[in-house]
Each structure stands twice: as C-alpha cells, then as structure tokens.
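Here the structure comes first, spelled out in structure tokens, and everything after it is commentary.
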Amino acid sequence: MKIGVYPGSFDPVTLGHLDIITRGAKIVDKLIVGVLNNNSKTPMFTVEQRIEMLEKVTAHLPNVEIAPFAGLLVDFMKKNNATLVIRGLRAVSDFEYELQLAQTNKSLDKDIETIFLVTNVKYSFVSSTLVKEISHYKGDISQFVPPEVLEYIEKIKIE
Ligand code: ADP
C-alpha cells in the first residue's frame, strides 16, 4: 500500500490545495494531509480549525485522512509508514524552496521521495496568505476557497 503525505500549513485550505489533494489522492492508496503545527509561524486559524475545514472539504474523498503534525516531516512519514511526499508547484518562485526542502528530506531519509504536482492554472496565483489578507479587509474570497471554508470562516467571525 502506497501512503503519501501532503504537508502544509493550510491556513486556510484553498481551492489550489484542494486541487492538489484531489489529484494526489489518485496517485496513492492513502493520502494523509499533514497539518503543520508550527511555532515559528503565527497562524490565523488554530490547528483544530484548519483540520475541521480540511475534513469538511475532503469528506467525499475516501482515501484522504487529515492529521496534525509537529516536528520533522520525515518522522511523521515514518510513523505513518508513508514514503511519498506530495507538494504543489505554483510558479518558479516556489521552486527554489521546494527543491531545498525535498533534498533535505531525502538526505534525512533516503527512502522518501517527493513528487510535485503542477498547479492548475486556474489557481496558480491562489495562496493562503492572500486569502487571509483579503478576508482581513472584508473582501470577497469566494473564488479562492471551497464553499465549506467560506461558510466556516463566516461562522467563526460571527461567534
Ligand atoms: P507552507 O506553509 O508549507 O507553504 P501551504 O499550506 O502554503 O504550506 O502550502 C502547502 C503546499 O501546497 C505547498 O507545496 C504549496 O506549494 C502548495 N500550494 C499552495 N497553494 C497552491 C496552489 N494554489 N496551487 C498548487 N499548489 C499550492
């Protein structure tokens, strides 16, 4: 059984992420979306909220699981018997960082392979950072996030 991990912050999950999850789930038997609990970044949403949003938008994908992780990706992979890292590539600007990350993970664990899925052009400019910025200024984010996420964000704003 081939187990893949798609790691990221998903703060919040966007249509670009969902596209990578949907396509990634077709490549592996099981895809674990690893939600990074990173102390050095101050997220807009808690890990629990990010997981809840991811669970809502992937409910129709039976071989996708959502799990939090902290620490090294290679340790998380080992714990879950996963051997494939899936990442998305939007533009050349992503490439340098992604290459460095993949090479670092490879040097930490030679059994791990990283594969890159090229973004759907429709979402090539979509990022969580921009979604947060637009949302902060009360702009319309409906074309960047799945409807479940839009609903969720509206709900927690009211509460
Ligand atoms: P990180 O904090 O590690 O950058 P993100 O949640 O921003 O995590 O992104 C996780 C992964 O998803 C990265 O590989 C990133 O390149 C990819 N990604 C983000 N947005 C998109 C998009 N619009 N299309 C394709 N891939 C994307």
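Just follow the structure's listing: the first ligand is 1, and inside any ligand the first atom is 1.
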Pairwise side-chain contact, Ile134 with Asp140, heavy-atom cut-off 4.5 Å (strictly under): no

Of the listed options Phe116, Tyr6, Tyr97, Phe125, closest to atom 12 (O) of ligand 1 (non-hydrogen atoms): Tyr6

- request: Only heavy atoms count here, so choose which of Arg23, Arg87, Arg50, His17 is nearest to atom 4 (O) of ligand 1.
  value: Arg87

- prompt: Do Glu148 and Met53 have side chains that get closer than 4.5 Å, going by heavy atoms?
  reply: no

task: Check each atom of ligand 1 against the heavy atoms of Asp94 and keep those under 4.0 Å away; list them by number with element.
output: 16 (O)

message: Within the 4.5 Å heavy-atom criterion, are Thr83 and Ile112 side-chain neighbours or not?
response: no

- prompt: Taking all atoms of both residues into account, what is the closest heavy-atom pair of Asp11 and Pro43, and its distance?
  reply: OD2-CA, 3.2 Å

query: Is the shortest distance from a Lys or Arg side-chain nitrogen in Glu113 or Lys106 to a carboxylate oxygen in the other one below 4.0 Å?
result: yes

- prompt: Would one find an N or O of Arg90, backbone or side chain, under 3.5 Å from an N or O of ligand 1?
  reply: yes

message: Show me which atoms of ligand 1 lie under 4.0 Å from any heavy atom of Ile20.
response: 25 (C), 26 (N)

message: Counting only nitrogen or oxygen atoms and a 3.5 angstrom limit, does Phe10 reach ligand 1?
response: yes

- prompt: Do Leu130 and Phe125 come close enough that some side-chain heavy atom pair is under 4.5 Å?
  reply: no

field: N or O contact, Leu89 vs ligand 1, cut-off under 3.5 Å
entry: no

message: Minimum distance, heavy atoms only, to atom 10 (C) of ligand 1: which one of Pro43, Gly16, Gly88, Pro7 is it?
response: Pro7

Residues Asp19, Arg23; criterion salt bridge (charged side-chain N to carboxylate O under 4.0 Å, His left out); working and verdict: CA-CA 6 Å; Asp19 182 56; Arg23 289 158 58 201; 2.8 Å; yes

query: Going by distance only, is there an N or O of Ser9 that falls short of 3.5 Å from an N or O of ligand 1?
result: yes

query: N/O of Glu98 under 3.5 Å from N/O of ligand 1, yes or no?
result: yes

query: Is there at least one pair of N or O atoms, one from Asp11 and one from ligand 1, spaced under 3.5 Å apart?
result: no

query: Of all the atoms in ligand 1, which lie at a distance below 4.0 Å from a heavy atom belonging to Thr119?
result: 24 (N), 25 (C)

- request: Apply side-chain contact (heavy atoms from CB on, under 4.5 Å) to the pair Asp29 and Ile3, showing each step before the final yes or no.
  value: CA-CA 6 Å; Asp29 299 302; Ile3 303 175; 5.9 Å; no

